[in-house]
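Note sheet for the following structure.
These values consider heavy atoms only, across backbone and side chains, with no hydrogens, waters or symmetry-generated copies.
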Amino acid sequence: MSLARVHNFSISLDGFGTGEGLSREAPFGHAGERLHEWMFATRFWHEMTRQSGGTRGLDDAFARQHTPGIGAEIMGAGKFGYPGWHDDPEWKGWWGPNPPFHTPTFILTHHPRPSIEMEGGTTFHFLDTSPAEALKTAREAADGQDVRIGGGPTVVRDFLAAGLIDHLHVTVVPILLGRGVRLWDGLEDVEKDYEVEATSSPGGVTHVTFTRTGV
């Protein structure tokens with residue numbers, strides 16, 4: 001069976017995966033882009049956004065694991081759009097006409113709408129269902145490849161709580177946010193089912209991987 005994977009999911013030292021006060025103008029709330037600056041500096045990100053340059057090394061190596069072998073993605077409503085996007089029939093996500101997923105992408109929302117076919121192979125599908133049912137649907141669409149659980153923190157937490165994630169890559173960024181949405185709440189002892197490794201980067205972040213025992 002294909003694996004369910006999380007990659008490049010950044011959290012603060014106090015465990016927040018996004019800030020407070022999310023809006024169309026502030027997709028990550030008061031956190032701004034501070035949780036993701038490590039990735040924006042990599043050559044991987046520069047190539048994906050059609051820029052030159054970017055850093056090589058450990059951060060770049062971890063960032064690049066985001067894409068290979070992925071046949072579908074699942075994300076929450078909060079990653080797809082700003083609070084209230086479901087009231088805007090023209091909203092098609094943050095990423096323009098050619099989103100970076102290039103696979104069937106499933107949005108978990110209590111406000112389903114017809115699927116949206118974008119450029120580059122991305123089609124957004126909207127589901128009001130449980131994590132287990134969403135993963136079953138995404139695996140069928142992935143055609144034998146893995147499924148990426150794209151976030152935000154509530155979605156990753158729900159999939160972890162349901163025992164559905166096989167590989168989790170968390171990047172701990174040395175900032176304190178104090179408020180927002182935490183990743184780890186209610187997940188006591190979740191590490192017992194995984195092999196855990198932590199690697200410090202010269203860029204100042206720490207990459208922590210959780211790989212299900214036996215995978």
Side-chain angles (χ1 to χ4, degrees), residues 2-19 27-29 31-49 51 53-76 78-79 100-101 103 145-178 180-215:
S2 67
L3 302 180
R5 296 158 39 190
V6 178
H7 289 282
N8 303 337
F9 193 84
S10 299
I11 63 173
S12 62
L13 286 174
D14 46 351
F16 291 97
T18 192
F28 300 102
E33 296 185 341
R34 289 179 291 163
L35 286 172
H36 309 99
E37 287 173 350
W38 71 270
M39 185 171 59
F40 296 156
T42 64
R43 184 172 291 267
F44 162 78
W45 184 264
H46 281 229
E47 290 172 355
M48 192 167 67
T49 54
Q51 304 176 65
T55 62
R56 296 186 184 272
L58 188 66
D59 291 342
D60 185 61
F62 269 103
R64 288 182 183 278
Q65 295 177 26
H66 172 271
T67 304
I70 295 295
E73 167 144 348
I74 297 171
M75 68 175 68
K79 179 175 178 179
F101 309 107
T103 65
Q145 297 193 85
D146 292 345
V147 175
R148 184 171 53 236
I149 312 301
T154 301
V155 167
V156 175
R157 185 171 65 237
D158 287 349
F159 275 76
L160 280 168
L164 297 174
I165 291 180
D166 300 297
H167 178 81
L168 168 68
H169 165 222
V170 172
T171 303
V172 182
V173 180
I175 62 173
L176 295 170
L177 291 179
V181 183
R182 293 184 190 270
L183 173 62
W184 302 120
D185 287 0
L187 295 177
E188 293 84 357
D189 295 328
V190 70
E191 74 282 354
K192 65 181 174 52
D193 296 323
Y194 295 89
E195 297 175 6
V196 183
E197 296 183 359
T199 307
S200 296
S201 163
V205 301
T206 300
H207 299 281
V208 186
T209 58
F210 296 73
T211 304
R212 187 179 301 282
T213 304
V215 168

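Proximity of Pro153 to Phe16: side-chain heavy atoms (C-beta onward) are nowhere separated by under 4.5 Å. Inter-residue side-chain proximity for Pro100 and Met48 is flagged as met; some heavy-atom pair is nearer than 4.5 Å. You'll find the side chain of Lys79 reaches within 4.5 Å of the side chain of Glu73, heavy atoms only. Within the 4.5 Å cutoff, the side chain of Leu177 has heavy atoms near those of the Leu35 side chain.
A search for side-chain contact (heavy atoms from CB on, under 4.5 Å) contacts involving Thr55 returns Ala41, Thr42, not counting sequence neighbours. Contacts of His36 classified as ring-ring contact (aromatic ring centres under 6.0 Å, His included), with partners at least two apart in sequence or in another chain: Phe28. Looking at residues two or more places apart in sequence or on another chain, you find a side-chain contact (heavy atoms from CB on, under 4.5 Å) between Thr49 and Trp45, Gln51. Residues forming a ring-ring contact (aromatic ring centres under 6.0 Å, His included) with His169 (at least two apart in sequence, or on another chain): Phe62, His207.
Between the CG atom in Leu176 and the CG atom in Leu13 there is a gap of 5.5 Å [rounded to 0.5 Å]. The line from CD1 of Ile70 to NE2 of His7 is 5.5 Å long, rounded to the nearest 0.5 Å. Note that the CD1 atom of Ile175 and the CD1 atom of Ile11 stand 10.5 Å from one another [nearest 0.5 Å]. One distance of note links CZ of Arg34 with CZ of Phe40; it measures 13.0 Å at 0.5 Å rounding. With rounding to the nearest 0.5 angstrom, the OG1 atom of Thr209 is 8.5 Å from the CD atom of Gln65. Expressed to the nearest 0.5 Å, how far CG of Leu168 lies from CD1 of Ile149 amounts to 10.5 Å.
The two residues Arg148 and Thr67 make their nearest non-hydrogen contact at NH1-CA, 4.0 Å. Considering every non-hydrogen atom in both Pro27 and Thr18, the closest pair reads O-OG1, 4.4 Å. Heavy-atom minimum distance, Val172 versus Ser12: CG1-O, 4.3 Å. In plain terms, the two heavy atoms of Ser2 and Val147 that are nearest each other are OG-CG2, 4.4 Å.
No donor-acceptor distance shorter than 3.5 angstrom exists from the side chain of Ser201 to the backbone of Val205, with no hydrogens or angles considered. With hydrogens and angles disregarded, no donor-acceptor distance shorter than 3.5 Å links the side chain of Arg64 to the backbone of Ala61. In this structure a side-chain-to-backbone donor-acceptor pair under 3.5 Å is present from Asn8 to Ala63. For Asp166 (side chain) and Arg5 (main-chain N/O), no donor-acceptor pair under 3.5 Å exists by modelled atom type.
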Return all side-chain donor-acceptor pairs below 3.5 angstrom for residues 154-162, not counting sequence neighbours, or 'none' if the list is empty.
{"residue": "Arg157", "atom": "NH1", "partner": "Arg182", "partner atom": "O", "Å": "2.4"}

Quiz: residues 183-194 side-chain donor-acceptor pairs under 3.5 angstrom, not counting sequence neighbours:
{"residue": "Tyr194", "atom": "OH", "partner": "Ile165", "partner atom": "O", "Å": "2.6"}
{"residue": "Tyr194", "atom": "OH", "partner": "Arg212", "partner atom": "NH2", "Å": "3.3"}

